[in-house]
Amino acid sequence: MAEPHGAAVVAEGFGLKGPRGWVFRDVGVDLPPGGILAIEGPSGSGRTCLLLALTGRMRPTAGFAEIGGLRVPRAMAAVRRMSALGPVAGVSELDPALTVAEHLCERVLLRRRHHTSLGGTLRALVRPRAERAAEKRRRTDDALAAAGLDLAGLPKGGRTSVRDLERLEALRLSVALALVGRPRLLAVDDLDLGLSDAERTVAWDLLRSVAADGTTVVAVCGRAPGGTDTVRPAGAPRRTERSERTERTEATAENTTGEGTADALAETGRA
């Protein structure tokens, strides 16, 4: 197991109240660097909103959370920069019109622009093209390896359209895109959606592998495997998936203005 470089996640009395009432409340978390946390619950229980709040993408209204020592909501922009989203409906979905290679190329370019917008060194701005290309390949290869996605095994290699990927392949691609930026915290929504029991085991093994490399992982699921640190959003009435999706879309849009827009573009591609 690699030395953890991930972010510790601590929360106490953490909650979010929106126009329609409590989305989640009284959440407590104590996750060490390089750990895995499952946010377990049915659709509409506030689980995705909790995931976004823990990554600095939704502003809580009660309690506090510290991600890598940075307090939410005070340091939300910094938390966004240290974390990355895998698949989150309405926030960081894959584009079915693009190929796998196009997604990877876009993510590397977004990370480069994000770095320079935050005051990257002059050397980084004027590096030779060959050096930039080598870094792009290295980041891409490392991310693909960590996500267990073998381009050679896809029907058309990197030219395979996202719409032609199997569910697990799409999950691996989303995780690889998130890992391009070498985040300290990886967040994944709906991990077990549409998966068989065997595929669910593979998906959790993937996240365990990422955590074993030192990255902290937080994942939303309907049912967490035994032995996994688990939190269940409590104290809020069940809401429809449509209402929860509307609230998280509104709140995410509200939090991605100005500096937040640059962060979101870099961390989620099209957030």
Side-chain angles (χ1 to χ4, degrees), residues 1-11 29-40 47-48 50-57 65-70 72 75-88 91-92 94 103-104 107-108 110-111 114-115 135-136 138-150 168 170-192 200-221 224-225 227-231 263-264 266-269 271:
M1 178 178 292
E3 186 71 21
H5 66 271
V9 180
V10 178
V29 177
D30 188 4
L31 185 69
I36 301 180
L37 176 70
I39 302 177
E40 182 185 75
R47 57 187 194 172
T48 301
L50 175 56
L51 180 80
L52 293 174
L54 288 173
T55 58
R57 290 165 175 85
E66 285 189 355
I67 316 300
L70 298 172
V72 173
M76 290 177 62
V79 170
R80 286 194 295 271
R81 288 193 290 270
M82 77 161 62
S83 62
L85 299 182
V88 178
V91 181
S92 57
L94 297 174
H103 269 289
L104 291 165
R107 184 55 57 92
V108 172
L110 285 168
R111 287 303 310 176
H114 181 59
H115 173 71
E135 181 189 5
K136 174 184 174 182
R138 183 169 58 253
R139 279 185 175 269
T140 300
D141 291 346
D142 288 350
L144 288 171
L149 182 60
D150 181 10
L168 272 175
L171 173 64
R172 291 185 186 279
L173 175 58
S174 289
V175 170
L177 293 174
L179 294 178
V180 164
R182 297 170 183 164
R184 297 180 61 195
L185 172 64
L186 169 68
V188 178
D189 192 24
D190 283 332
L191 178 67
D192 49 8
R200 189 178 297 115
T201 298
V202 173
W204 280 105
D205 285 345
L206 165 60
L207 297 192
R208 291 189 187 98
S209 174
V210 172
D213 283 339
T215 302
T216 303
V217 177
V218 179
V220 165
C221 61
T228 305
D229 287 338
T230 304
V231 62
D263 293 340
E267 304 297 345
T268 66

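This chain uses plain numbering: 1 for the first residue, then up along the sequence. Nothing here was measured: the structure is a model prediction, and the numbers come from that model. In what follows, every heavy atom counts, from backbone to side chain, and hydrogens, waters and symmetry copies are set aside.
Note on Arg208 versus Asp205: salt bridge recorded, some NZ/NE/NH1/NH2 to OD/OE distance being below 4.0 Å. Using a 4.0 Å cut-off between charged nitrogen and carboxylate oxygen, Asp142 and Arg182 count as a salt-bridge pair.
Using a 4.5 Å heavy-atom cutoff, the side chains of Leu206 and Arg172 are in contact. Within the 4.5 Å cutoff, the side chain of Pro87 has heavy atoms near those of the Val188 side chain. The shortest distance between side-chain heavy atoms of Leu54 and Val9 falls below 4.5 Å. Using a 4.5 Å heavy-atom cutoff, the side chains of Val91 and Leu85 are in contact. Taking the side chain as every heavy atom from C-beta outward, Val72 and Glu66 never approach each other to under 4.5 Å. Here the side chains of Arg80 and Met76 are in contact, with some heavy-atom distance below 4.5 Å.
When all heavy atoms of Val210 and Ala146 are compared, the closest pair comes out as CG2-O, 4.1 Å. A pairwise comparison of heavy atoms in Asp229 and Ile36 identifies CB-O, 3.5 Å as the closest pair. Nearest heavy atoms, Ala38 versus Thr228: CB-CG2, 3.9 Å. Of all the heavy atoms in Ser92 and Gly86, the pair that sits closest is OG-O, 2.6 Å. When all heavy atoms are compared, the tightest approach of Pro183 to Ala178 is CD-O, 3.4 Å. For Ala224 against Trp204, the heavy-atom pair with the smallest separation is CA-CZ2, 4.4 Å.
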Could you walk me through whether Leu171 and Leu191 pass side chain to side chain contact (heavy atoms under 4.5 Å, CB included), step by step? CA-CA 8 Å; Leu171 173 64; Leu191 178 67; 3.7 Å; yes
Before you tell me yes or no, could you show the steps for Asp189 and Arg47 under salt bridge (charged side-chain N to carboxylate O under 4.0 Å, His left out), namely the whole-Å CA-CA distance, both residues' side-chain angles and the distance that decides it to 0.1 Å? CA-CA 9 Å; Asp189 192 24; Arg47 57 187 194 172; 5.0 Å; no
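Each of Val218, Thr230, Val220, Leu51 was compared with Leu37 under the side chain to side chain contact (heavy atoms under 4.5 Å, CB included) criterion, and only Val218 meets it. Checked options Asp213, Thr215, Thr216; the residue passing with His5 is Thr215 (criterion: side-chain hydrogen bond (donor to acceptor under 3.5 Å, both in side chains)).
Atoms OG1 and CG, on Thr140 and Leu179 in that order, are 11.5 Å from each other to the nearest 0.5 Å. Here CE of Met82 is found 8.0 Å from CD1 of Ile67. Values are rounded to the nearest 0.5 Å. Note that the CG atom of Leu186 and the CG atom of Leu207 stand 6.5 Å from one another [nearest 0.5 Å].
Side-chain contact, Arg57 with Ser83: a donor N or O sits under 3.5 Å from an acceptor N or O.
Under the rule for a side chain to side chain contact (heavy atoms under 4.5 Å, CB included), the partners of Ala8 that lie at least two apart in sequence or sit in another chain are Pro33.
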